Amino acid sequence: MKRLLIVSFIVISTSFLFSVFKGPEDENHQAKFNDRYAIFALNHPEIIGFAGEKMPLEQDDIKERFDRELLINTYWQSQTILFIKKAYKYFPVIEPILKNEGIPDDFKYLALAESGLANIVSPSGATGFWQIMKPTGKEKGLIINNEVDERYHLEKSTIAACNYLNEAYEKFGSWTLAAASYNMGKTGLEKQMIRQKAANYYDLLLNNETARYVFRISAIKEILEHQKTYGFHVRKKDLYSLPPIKQVMLDSSVADFAGYAKQLNINYKILKEYNPWLRQSHLENKSGWAYLIDLPKNGYYTSENKVENIESDGSSFSINYDTIKIKINKGGQLKNVAEASEIEIEELILQNIEVLDIKVKKGQELQLIKESKQ
C-alpha cells in the first residue's frame, strides 16, 4: 500500500512535466530546473520621483504602468547590465554638464532610455546619445553637414539637449512634462494638454511611446540606483570606463584621416571611435572651423595590434556520463542510499521509478547515471 501511494504521488506530480522528455538524464535536468529556477514579482518602493516630482503610485493605473517598466528592465538582464556598465563610462561626462546647465541630474537616465548611450540613428532620423533630430540640432547650434555631425559629439549634444529641456520647463513648469515633450515635441504635447484640459503628465492620454516614457526612465533610474535590490551584481572591474583624454586642435582640411591618425601615433579606428562626429574619411573644412579632436592619452590604447597565436595543448573539454548499478547489501532508508551515492534523493527516485518503497530491501538493484570523474 505504501509503495502504491508513493508511486501514485510521483507519477501524478511528474507526468505532466516529463511527458515530453525521454530518459533519466532529461528528467533529472528538468527536476533541477524546477527546483532551482524561480521568477518573482517585484516589490515596489513607496516613493518614486523624477527630477524631484513625485509619481502618484497610489493610483492603480499609475502603479501598473510603473510596474510594467520595472519588470521589463529588471528581467531584460542583458540590456540592463549594459546600462549599468555604460552609465559608469559616460555619466561622469554628462553629469557636470547637466549641473552647469541647471538641469536635474535625473535627466541622465533620459539619455540612457533614449539610446542606451550608443550613437544610434532612429527610423525617424533622430541621432546620437540624445536622439536629436536634424532641425532641432541646427536650431540648438550644432554643426550638421556632410562632413561633421555634432549630434554625435557627446558634450555638445548634451548641451543642446539641456537647451531644449530648459525651454520646455519654462513653457510647462514641470520637469516631468519637459521630459514628455522631449519624446513627442513641445507642440504636440501642448495640443494634447489643451484638447484634454489636463496640466499633469499622469492625467494625459498620450501615444504609447510617450505614455511609457517617464515610467521607463524612472524604472531605469530605480534599478541603477538600487542594483542589488533588483538582483544585479556588477563588480567594479566589470564596468566600462573612458581613458584620460587629451585634445589637439584641427583647423585645416584633412585629405585622409587614416594618414592624419598615423601622424598622431594612433590609427583610424581610434580616431573615429573617440570622434564619431567626424562623418567622413576626410575633411574639406571649407568654412575654416577649428575643431578639438579627442584622443586617449598615451598608454591607454594600442595603435597596432600584432597577431599572436595561442598554443594548444591538444586537450578538449567534454562531459562523460557513467551508468552505475548499485546492489543493496542490507535494508535501509532510500535517503541513505542517495547520500552514499552522492546523488539527490529526487534524482535517485526518478532514475528508479519502479523502486519506490521508502525502505529498500537487501538484494534490490538500483541504477544511477552520474557524471564521470575521469
Side-chain angles (χ1 to χ4, degrees), residues 82 85-87 89-94 96-97 101 108 110-165 182 185 240-307:
L82 284 172
K85 292 186 173 190
K86 296 181 79 172
K89 182 177 183 178
Y90 293 113
F91 277 3
V93 178
I94 294 172
I97 298 174
E101 297 295 322
K108 64 191 180 188
L110 182 148
L112 192 55
E114 280 283 347
S115 66
L117 298 180
N119 279 313
I120 61 174
V121 179
S122 76
S124 64
T127 299
F129 280 27
W130 291 92
Q131 288 292 278
I132 298 173
M133 296 292 290
K134 188 174 182 178
T136 303
K138 287 187 172 182
E139 179 188 325
K140 302 307 175 190
L142 298 179
I143 299 173
I144 304 174
N145 57 44
N146 186 50
E147 295 184 326
V148 171
D149 190 340
E150 291 184 332
R151 291 177 294 174
Y152 291 96
H153 193 295
L154 178 53
E155 290 89 344
K156 292 183 178 181
S157 64
T158 301
I159 293 172
C162 289
N163 188 306
Y164 180 98
L165 291 167
Y182 196 90
Y240 303 155
S241 61
L242 282 172
I245 296 296
K246 63 181 180 180
Q247 293 183 320
V248 297
M249 179 74 73
L250 175 61
D251 57 3
S252 61
S253 62
V254 176
D256 176 25
F257 272 129
Y260 176 75
K262 289 291 185 183
Q263 295 173 23
L264 296 172
N265 296 316
I266 58 172
N267 59 36
Y268 181 80
K269 180 198 75 173
I270 293 172
L271 176 68
K272 298 302 285 284
E273 181 179 339
Y274 287 91
N275 300 277
W277 49 274
L278 294 171
R279 303 309 298 164
Q280 302 294 338
S281 61
H282 62 275
L283 181 68
E284 292 186 14
N285 199 11
K286 292 180 179 179
S287 57
W289 289 100
Y291 300 102
L292 288 175
I293 304 295
D294 288 340
L295 304 173
K297 287 187 176 180
N298 294 340
Y300 288 89
Y301 58 86
T302 300
S303 60
E304 186 176 355
N305 288 289
K306 299 184 184 300
V307 175

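Keep in mind it's a predicted model, so treat the numbers as computed, not measured. Any value given below was found using the heavy atoms of this structure, including those in side chains, with hydrogens, waters and symmetry copies removed.
Side-chain contact between S252 and N285 is absent, with no heavy-atom pair separated by less than 4.5 Å. Counting only heavy atoms from C-beta outward, the side chains of N163 and L165 never approach each other to under 4.5 Å. Side chains of L271 and I293 form a contact here, defined as non-hydrogen atoms less than 4.5 Å apart. When side chains are defined from C-beta on, Y90 counts as touching L242, because their heavy atoms get closer than 4.5 Å. The side-chain heavy atoms of L117 and F91, taken from C-beta on, include a pair separated by under 4.5 Å. Considering only heavy atoms from C-beta on, Y182 comes within 4.5 Å of L110 through its side chain.
The closest donor-acceptor contact from the side chain of N275 to the backbone of L278 lies at 3.5 Å or more, if one exists at all. Judged by distance alone, the side chain of S157 and the main-chain N or O of H153 form a donor-acceptor pair under 3.5 Å.
Note on residues 112-135: pairs passing side-chain hydrogen bond (donor to acceptor under 3.5 Å, both in side chains), not counting sequence neighbours, are E114-Y213, S122-S124, T127-R151, W130-T158. Sorted by first and then second residue, the side-chain hydrogen bond (donor to acceptor under 3.5 Å, both in side chains) pairs involving residues 241-250 (not counting sequence neighbours) are K246-N298, Q247-D294. Pairs of residues two or more places apart, or lying in two chains, that qualify as side-chain hydrogen bond (donor to acceptor under 3.5 Å, both in side chains) and include a residue from residues 254-269 are Y268-K272. Counting only residues at least two apart or in different chains, salt bridge (charged side-chain N to carboxylate O under 4.0 Å, His left out) contacts with residues 138-148 comprise K140-E167. Every pair passing salt bridge (charged side-chain N to carboxylate O under 4.0 Å, His left out) that includes a residue from residues 281-290 is listed here, sequence neighbours excluded: E284-K286.
When all heavy atoms are compared, the tightest approach of K86 to Y240 is CG-CD1, 3.7 Å. Between I132 and A161, the shortest heavy-atom contact is CD1-N, 4.5 Å. Contact record, K297 with I245: CE-O, 3.8 Å, taken as the closest heavy-atom pair.
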Candidate pair I159 and I97, rule side chain to side chain contact (heavy atoms under 4.5 Å, CB included), full reasoning:
CA-CA 7 Å; I159 293 172; I97 298 174; 3.7 Å; yes
Side chain to side chain contact (heavy atoms under 4.5 Å, CB included) evaluation trace for D251 with W289
CA-CA 6 Å; D251 57 3; W289 289 100; over 6 Å; no
Would you please test I144 and E150 for side chain to side chain contact (heavy atoms under 4.5 Å, CB included) and show each step?
CA-CA 6 Å; I144 304 174; E150 291 184 332; 5.6 Å; no
For W277 and L154: C-alpha separation, side-chain torsions, deciding distance, then whether side chain to side chain contact (heavy atoms under 4.5 Å, CB included) applies.
CA-CA 9 Å; W277 49 274; L154 178 53; over 6 Å; no
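Distance check: L142 CG to D149 CG gives 8.0 Å after rounding to the nearest 0.5 Å. We find the OH-CG distance between Y291 and L283 to be 6.0 Å, quoted to the nearest 0.5 Å.
Residues that satisfy the ring-ring contact (aromatic ring centres under 6.0 Å, His included) test with Y152, not counting sequence neighbours, are absent from this structure.
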